[in-house]
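Shown next, in structure tokens, is the structure this report addresses.
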Amino acid sequence: MDWGMQNRISRIIKPASGRTVMLAVDHGYFMGPTTGLEKLGRAVKPLLPYADTLMLTRGALRYYIDPGVDVPITLRMSGGTSILNKQLLHEGSVCSMEDAVRLNVSCVAFSILVGAEYERDTILAFTKMVDEARSYGIPSLCVTAVGRDMVRDARYMALASRMGAELGADIVKTYYVEGFRKVVESCPVPVVIAGGKKIPERDALQMAHDAISAGAAGVDMGRNIFQAENPVAMIQAVRAVVHENAGVDDAYGLYRSLKSKLGAKAKPRAKAKAKPRAKVRAGR
Ligand code: 5RP
């Protein structure tokens, strides 16, 4: 493998553990101002010291992140549909490789939707990105997106992940499912898991632990970190699982003790009760 490519991968997948904690905050590209990321810069800043890479869009990077930060960037290169669209995830390229290079990114990410009517579009656009990225020594992350009505099981995830790798991905991002070992063992490149919708903190740590035990190289987690009651405590607990092989009880214990030390994230103030509208007398 080319030196530049290897060097970029090593900045993300830490050679000491062979693992990574990727912080995903790219949700705005199809979800807009996602809960917890309304003020993205402010939400992400305290998490950066614990993130091995930050995954986001070029807009979020330019508008919210200080160019002086020392964190490798994984740039979301695909998009084109919103959460309001029935064909959600029918994605194409939304960023040029020249702009990715200008932004000095360490990795580029693209979603493919295997099994959907339009899978071919997403796959061809992904492979085009891989070719361009390779010419600059930039690794590619393939996100195996899953449509709303699609079955999430090990057979499907293994199929989509293996395809991602054979089509040129250097890292595959997929979802944790029962029998995950099959997914990892049949994929020749490192596999990381997305967090998915917010679940209780202990359950998210359990999922990360189960994925690591099954051979995953780490997590690319978003909502289960930035929507946690205390995101700074949560990312450190996730790190303990990923980089230190912490068990779930220990990681959750760490989360709770950090949370009480750091203080729970300020809860949104309850909405002020609407003033009762002045009664309008019927008839004048
Ligand atoms: C969708 C994505 C995301 O936008 C995001 O990275 C997912 O993170 P999480 O599910 O952990 O919130 O990759 O396919």
Side-chain angles (χ1 to χ4, degrees), residues 12 20-38 40 43-44 47 50-61 64 73-85 87-92 94-95 105 107-116 119 122-123 125-126 129 140-148 150 152 156-157 160-161 164 169 171-177 191-201 203-208 210-212 216-228 231 234-235 237-239 241-242:
I12 295 173
T20 183
V21 172
M22 308 178 75
L23 177 62
V25 292
D26 58 328
H27 306 63
Y29 87 97
F30 73 108
M31 287 168 69
T34 312
T35 305
L37 295 181
E38 297 87 344
L40 193 145
V44 162
L47 304 175
Y50 310 104
D52 294 324
T53 179
L54 187 60
M55 176 172 170
L56 77 181
T57 61
R58 60 173 161 179
L61 185 57
Y64 295 111
I73 299 300
T74 297
L75 192 66
R76 156 117 355 228
M77 302 289 276
S78 67
T81 54
S82 77
I83 195 156
L84 304 177
N85 195 309
Q87 290 222 324
L88 172 67
L89 305 174
H90 185 170
E91 297 185 1
V94 293
C95 183
V105 306
C107 186
V108 284
F110 201 105
S111 295
I112 59 168
L113 195 45
V114 173
E119 64 175 12
T122 63
I123 288 171
F126 165 67
M129 181 200 76
S140 300
L141 180 142
C142 175
V143 181
T144 66
V146 188
R148 283 189 189 111
M150 290 162 72
R152 291 180 182 221
Y156 173 78
M157 298 303 174
S161 300
I171 306 172
V172 164
K173 170 178 178 174
T174 189
Y175 288 86
Y176 179 76
V177 286
V191 177
V192 295
I193 60 154
K197 282 192 184 145
K198 172 79 175 72
I199 53 177
E201 283 80 0
D203 295 353
L205 292 168
Q206 179 78 58
M207 178 170 68
D210 292 349
I212 294 293
V219 299
D220 186 5
M221 199 175 256
R223 288 162 288 181
N224 279 294
I225 291 176
F226 63 74
Q227 292 177 352
M234 187 60 180
I235 195 168
V238 171
R239 279 194 83 77
V241 170
V242 170

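The chain is numbered in sequence order, starting from 1. Just so you know, ligand 1 is whichever comes first in the structure, and atom 1 is the first atom listed for that ligand.
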What pairs with R223 under side chain to side chain donor-acceptor pair (under 3.5 Å), at least two apart in sequence or on another chain? none

With Y29 via ring pair (Phe, Tyr, Trp, His ring centres under 6.0 Å) - residues at least two apart: none

Heavy atoms only: give me the nearest R58-V94 pair and the separation to one decimal. NH2-O, 2.9 Å

Quick one: sort the F126 and F110 rings into parallel, tilted or perpendicular, breaks at 30° and 60°. tilted

Could you list each N/O atom of ligand 1 together with any protein N/O atom closer than 3.5 Å, one pair per line with the distance?
unit_1: ligand 1; atom_1: 4 (O); unit_2: D26; atom_2: OD1; d: 3.1
unit_1: ligand 1; atom_1: 4 (O); unit_2: D26; atom_2: OD2; d: 3.3
unit_1: ligand 1; atom_1: 6 (O); unit_2: D26; atom_2: OD1; d: 2.7
unit_1: ligand 1; atom_1: 6 (O); unit_2: K173; atom_2: NZ; d: 2.6
unit_1: ligand 1; atom_1: 8 (O); unit_2: H27; atom_2: NE2; d: 3.3
unit_1: ligand 1; atom_1: 10 (O); unit_2: G196; atom_2: N; d: 2.8
unit_1: ligand 1; atom_1: 10 (O); unit_2: R223; atom_2: NH2; d: 2.9
unit_1: ligand 1; atom_1: 11 (O); unit_2: G195; atom_2: N; d: 2.9
unit_1: ligand 1; atom_1: 11 (O); unit_2: G196; atom_2: N; d: 3.3
unit_1: ligand 1; atom_1: 11 (O); unit_2: G222; atom_2: N; d: 2.8
unit_1: ligand 1; atom_1: 12 (O); unit_2: H27; atom_2: NE2; d: 2.7
unit_1: ligand 1; atom_1: 12 (O); unit_2: R223; atom_2: N; d: 2.9
unit_1: ligand 1; atom_1: 12 (O); unit_2: R223; atom_2: NE; d: 2.8
unit_1: ligand 1; atom_1: 13 (O); unit_2: R76; atom_2: NH2; d: 3.3
unit_1: ligand 1; atom_1: 13 (O); unit_2: K173; atom_2: NZ; d: 3.0

Passing candidate, side-chain contact (heavy atoms from CB on, under 4.5 Å) with T174, options V191, D220, V143, V146: V191

Could I get the full list of side-chain contact (heavy atoms from CB on, under 4.5 Å) partners for T35, not counting sequence neighbours? E38, Q227

